[in-house]
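Encoded as structure tokens, the structure appears first; notes follow it.
Since we're looking at a predicted model, the values are computed, not measured. Every chain is numbered from 1, with letters handed out A, B, ... down the list of sequences.
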Amino acid sequence: MSEQISKRYDPQAIEARRQAAWRARDAFQTPAVADGQPRKYIKPSAPFTSGNIHIGHVRSYSIGDTYARFSRARGDAVLFAFGFDAFGLPAELGAIASGESPSAWVSDCAAHMTGQLERLGFSFDWSRSFLSSDALMYRWSQWLFLTLLAHDLIYRDTGSVDWCEHCATTLATIQVEDGRCWRCHNPVQLIQRTQWYLRISAHVPENDLRLQELADSGIWDESSLASQRFVLGRVDGIELDLAAPDGATLTVFTPHSDALGQARFVAISPRHPEVERWVSDPAVFEQLEELRSVGLERDARNAEEIPLIDTGHTLPSPSTGEPLPVLVSPVVDGRFGATAVLGIPARDHTDALIAARLSLQVDDVVVSGGDAGEAGSTGESDGAGMNSGKDAGDSTGEHDAAPLIEGLRPAVRYRANDFSISRQRSWGTPIPIVHCDACGAVPVPFEQLPVLLPLDLKPTGAGNPLAERADFVQVDCPRCGGSAQRETDTLDCHFDALWLWIPACVPAEQRGRPLEEILALDDLRQWLPSERLVAGSDSGNFVFDQRIVTKALRDIGPLAFLADGEPFAGCLFHEMVIRDGRKMSKHLGNVVDPDELLASYGADTVRLATLYAARPQRSLNWSDSAVLRCHRFLTQVWEFSLTSLARAELRSVAEGADSEGCDSEGGEGADSEGDSKGAGAVAGSTAEREPARDTTEHLRLKLSTWCGAAVEKITEELESLEMHSAVRNLMRLFDRIKDFEKRVLARQPALSQADSDALIEALTLLAQLLGPFAPHLSEELWIAFGNEADTQTPWPGVSLPVTA
RNA sequence: GCCCGGGUGGCGGAAUCGGUAUACGCAGCGGACUUAAAAUCCGCGGCUCGCAAAGGGUAUGUGGGUUCGAGUCCCACCCCGGGCACCA
């Protein structure tokens, strides 16, 4: 075997050989789970079909793949597969630019990216990959839409969108340049439209509650938890009911339970269910309507700019009875959700700014740095927590030491809001709704799914190509049979993502079956929940909403087997790859091209470098020095291993005949043939004479201790996905192995048989430990060291069952 | 404005529980090998005073604090990056 392998490290040849072998033995096929075998569904992020893998993908999948390979080596059943997120605006723009249909564009992109990912050696089960734009996939989005709609978790409401009159189309934020259309440069206007919304509020408190369980489980990474807390936006405080002179009451909230006497106004969210009761004046109502239709300008979010409407009504202060003006402002939404709050300028920075705009008389403004109102309580969940009176000793709360106010009760508010899921675009999942003049909005019956999206759409940027297709739009009403029109809005990709973590659990050959049969599949159930999600830190919102919808589907029934309604048992959000301290972008010219790196150094080096350069939770500031370091490391491991192996083989050839046992350590008088440099060489056919006394046993013991420590440490680090430390320990182990040889040779001219055996054993262990990190090199060395080819290399100390 | 990260040599960055700051690599300098170059290997490198050696002084964004001891913990501040819901 070893003659076939060049001692020079040639990653291109090695990687081509290994990848061919993996394909031949279908190495990453998802196994059927055996009784008692741990199963792990490792969920990578779903890349958008942009056309190219970028270095951030390499980082993300290197972490996930290392964990997947480690898990297989320990004998776990592993499901590691993904799908492309193929719907969305960039696909339309790509199709416009290339003159293709979006479906052709995304399938070209997916094919190219798949080739890049295979070249990188990621161990995905490719038989399970998919595009979210496949009808077999998006019918699930339609099923989900109808299911949630039937349980009142989807509703219609109005919202505002950017509209270009000239192009007769809705524009996304990135299509608006300085207030003008990207295509025709005419001014953009905001218009009101009916939209579909996802109601998350019913499950938000449970998402909060479960967060503590996830934290206790220990397999949710701390920064992932923090991001979930941030999206949740929990604020603890108190609430009470205020009654206006005319009898109308309003429940108001505040986090500043100890400063009620310093309340100076009441602010209501424009989305508060009872807001209209407080805007009786037609002029004020008009302002409210305008506020709702215009939405929030990006630069008008801060307290100095944000719209305020004075309703002219007042409510009595909870402690003094003084009248407090009642305002309507979206400033409430961004901090506490669609609720009503007390404005306490003396304690709250934002409230102080608003009071200043209203020229309200305020007591001494003592704004504490803590500003508990901001939902920044990402630390401990009770960071802003204060049961009434908890902070009463605070010097700023002296005004109303403790007049007990009736009806005061602890309360919680969440910033997480319902969101719009419909888009006026042609390249998306069609919303399964038919609009009938007689019956209104009628859901398409489940058995008629999927509502197929025409594949030959040619978007131009103007109008809505889907709405212009009579063959799509004109249908009979499912209820009355009369003539009707299909909904021409499509679902936002965010909505597709709510289900898309599940299809990888369904074997490809089962995917065409009726939906209810797939939901009953054992295959589907045994892999859920996913053992670990590995995704970019920008996925926080997606994951939050996946957690919401999983709970909804548990309650409705399809996912009832997930008792806690959590899709991911564990989660790691990694940070992005940057360069020169900046996010990579073509504009800045600081993009790293994975293809070039692959051509120069090979996949093992590139993967190892992304793992080594920074801990996953930190941004990786790209520098070539990490690649050079890793390349040198792998080169040296390769050459040192094969050279040592060749010497050991020479030794056994030379000694094979005359020495009785391979551990024979007899012999006297050191032979002085070793040369000063590669002294480990066994000189020709002259057998080395072993020294009379074993002067290197302590070194072998030390080496063995080092090996044991490395296995222990690296195993722990892989379990907690601390890849950067694991790589450092691999490098350290290699240094120690080299050091062992150096020290032995400082004492005697050549390695004894026992030294040689110990060296080969340590190098074999190193090859084994490298498996999850540099899988191509690892497997070639593992075979070179005489182990069985074409099987999964086991983790040290693990014996894998022989699979037929 | 708000949220989350960061700030250590010429550069990327190490430093487990608060215990020899600057591991490892890049660049640089010196050497080996070579006709030469490239590649590879070995050695030396925080700054500063000192011809040099020996030996001092000083240093982890800034200013305080806790401690026998702080890159690490606490308080205040400065600067940089990322995010802030029709991009995914």
* To do: Provide the distance between the two C1' atoms, one in B:U67 and one in B:U48, to the nearest whole Å.
  => 29 Å

* If you measure from the C1' atom in B:G18 to the same atom in B:C26, how many Å do you get, rounded? -> 32 Å

Show each protein N/O and nucleotides 79-82 of chain B N/O combination with a separation under 3.5 Å, one pair to a line.
from: B:G81; atom 1: O2'; to: A:Gly581; atom 2: O; distance (Å): 3.4
from: B:G82; atom 1: OP1; to: A:Arg582; atom 2: NE; distance (Å): 3.4

* To do: Calculate the interatomic distance between A:Arg618 atom CZ and B:A14 atom C1'; express it in whole Å.
  => 10 Å

* Asked: Where the side chain of A:Val161 is defined as all heavy atoms beyond and including C-beta, which of B:C86, B:A88, B:G25 is the nearest nucleotide?
  -> B:C86

* Provide, to the nearest angstrom, the distance between the CE atom belonging to A:Met584 and the P atom belonging to B:A88. => 22 Å

* Nearest to side-chain heavy atoms of A:Ser420, which nucleotide of B:C86, B:G25, B:G12 -> B:C86

* Watson-Crick or G-U counterpart of B:C2, or none if no pair lies under 3.5 Å -> B:G83

* **Euclidean distance, atom OH of residue A:Tyr612 to atom C1' of B:C26 [Å, nearest integer]** => 11 Å

* Asked: Ignoring hydrogens and geometry, is there a side-chain-to-backbone donor-acceptor pair from A:Asp351 to A:Pro345 under 3.5 Å?
  -> no

* To do: For a ring-ring contact (aromatic ring centres under 6.0 Å, His included) with A:Phe145, tell me which candidate from A:Tyr138, A:Trp499, A:Trp196 qualifies.
  => A:Trp196

* Phosphate contact (B:C4 OP1 or OP2) by A:Gln617 side-chain N/O below 4.0 Å -> no

* Structure fact -> Taken to the nearest whole Å, CG/A:Asp333 to P/B:C2 is 19 Å

* To do: Looking only at side-chain atoms of A:Ala172, point me to the closest of B:A88, B:G13, B:C87.
  => B:C87

* What nucleotide, of B:C86, B:A88, B:C87, holds the atom closest to the side chain of A:Ile174? -> B:C87

* To do: Rounded to whole angstrom, note down the P distance from B:A15 over to B:G6.
  => 13 Å

* For B:G45, does the O4'-C1'-N9-C4 (purine) or O4'-C1'-N1-C2 (pyrimidine) torsion place it in syn, i.e. within 90° of 0, or in anti? -> syn

* Structure fact -> Nearest heavy-atom contact between A:Gly51 and A:Gln116 is O-OE1, 4.3 Å

* **Sugar-phosphate only, base, or nothing, as touched by A:Asn417 at under 4.0 Å among non-hydrogen atoms** => base

* **Complementary nucleotide for B:U20 - Watson-Crick or wobble, under 3.5 Å** => none

* Structure fact -> Considering only heavy side-chain atoms of A:Arg632, the closest of B:A88, B:G25, B:G6 is B:G25

* To do: Please report, rounded to the nearest Å, how far the P atom of B:A14 is from the CG atom of A:Leu620.
  => 10 Å

* Structure fact -> Taking B:C86, B:C3, B:C87 as options, the one with an atom nearest any side-chain atom of A:Pro90 is B:C87

* Are the charged groups of A:Arg732 and A:Asp735 less than 4.0 angstrom apart, N to O? -> no

* Rounded distance in Å - CG (A:Asp85) to C1' (B:C86) -> 14 Å

* To do: Assign A:Asn541 to base, sugar-phosphate, or nothing according to its heavy-atom contacts below 4.0 angstrom with the strands shown.
  => nothing

* **A:Arg425 to A:Phe87, cation-pi by 6.0 Å centre distance and 45° axis angle** => no

* Asked: How far, in whole Å, is B:G65 from B:G13 if one measures between their P atoms?
  -> 32 Å

* Syn/anti state of B:C24 by chi, 90° boundary around 0 -> anti

* Take atom P in B:C11 and the same atom in B:U62, then report the distance between them in whole Å. => 15 Å

* **Pairwise C1' distance for B:C17 and B:G71, with rounding to whole Å** => 15 Å

* Asked: With rounding to whole Å, what would you report as the distance between B:G69 and B:A21 at their P atoms?
  -> 14 Å

* **Quiz item: A:Arg425 side-chain donor-acceptor pair to B:C86 base, under 3.5 Å** => yes

* Asked: Got a second to check how far A:Phe573's CZ is from A:Leu533's CG, nearest 0.5 Å?
  -> 6.0 Å

* Distance, rounded to the nearest Å, where A:Leu628 contributes CG and B:G25 contributes P -> 12 Å

* **Closest listed nucleotide, where the reference is the side chain of A:Arg423 and the choices are B:A14, B:C86, B:C41** => B:C86

* Could you let me know what B:G28 is paired to, Watson-Crick or G-U wobble, both distances under 3.5 Å, or none if it's on its own? => B:C44

* Asked: Heavy atoms under 4.0 Å, any strand shown: does A:Gln195 hit a base, just sugar-phosphate, or nothing?
  -> base

* Kindly confirm or rule out a cation-pi arrangement of A:Arg415 over A:Phe336, judged by NZ or CZ under 6.0 Å from the six-membered ring centre and within 45° of its axis? => no

* Rounded to whole angstrom, note down the P distance from B:G43 over to B:A23. => 14 Å

* A:Ser720 and side-chain hydrogen bond (donor to acceptor under 3.5 Å, both in side chains): which partner among A:Glu717, A:Glu722, A:Glu716? -> A:Glu722

* Structure fact -> Only residue of A:Tyr601, A:Phe773, A:Tyr9 satisfying side-chain contact (heavy atoms from CB on, under 4.5 Å) with A:Leu634 is A:Tyr9

* Asked: Over how many whole Å does the gap from A:Phe542 atom CZ to B:G83 atom P extend?
  -> 15 Å

* Among the candidates B:G12, B:C87, B:G25, find the nucleotide nearest to the side-chain atoms of A:Arg629. => B:G25

* **Pairing partner of B:U72 (Watson-Crick or G-U wobble, both distances under 3.5 Å)** => none

* Is B:G9 in the syn or the anti form, by the rule that syn lies within 90° of 0? -> syn

* Asked: Distance-only, no hydrogens or angles: does the A:Arg199 side chain make a donor-acceptor pair with backbone N or O of A:Asp418 under 3.5 Å?
  -> no

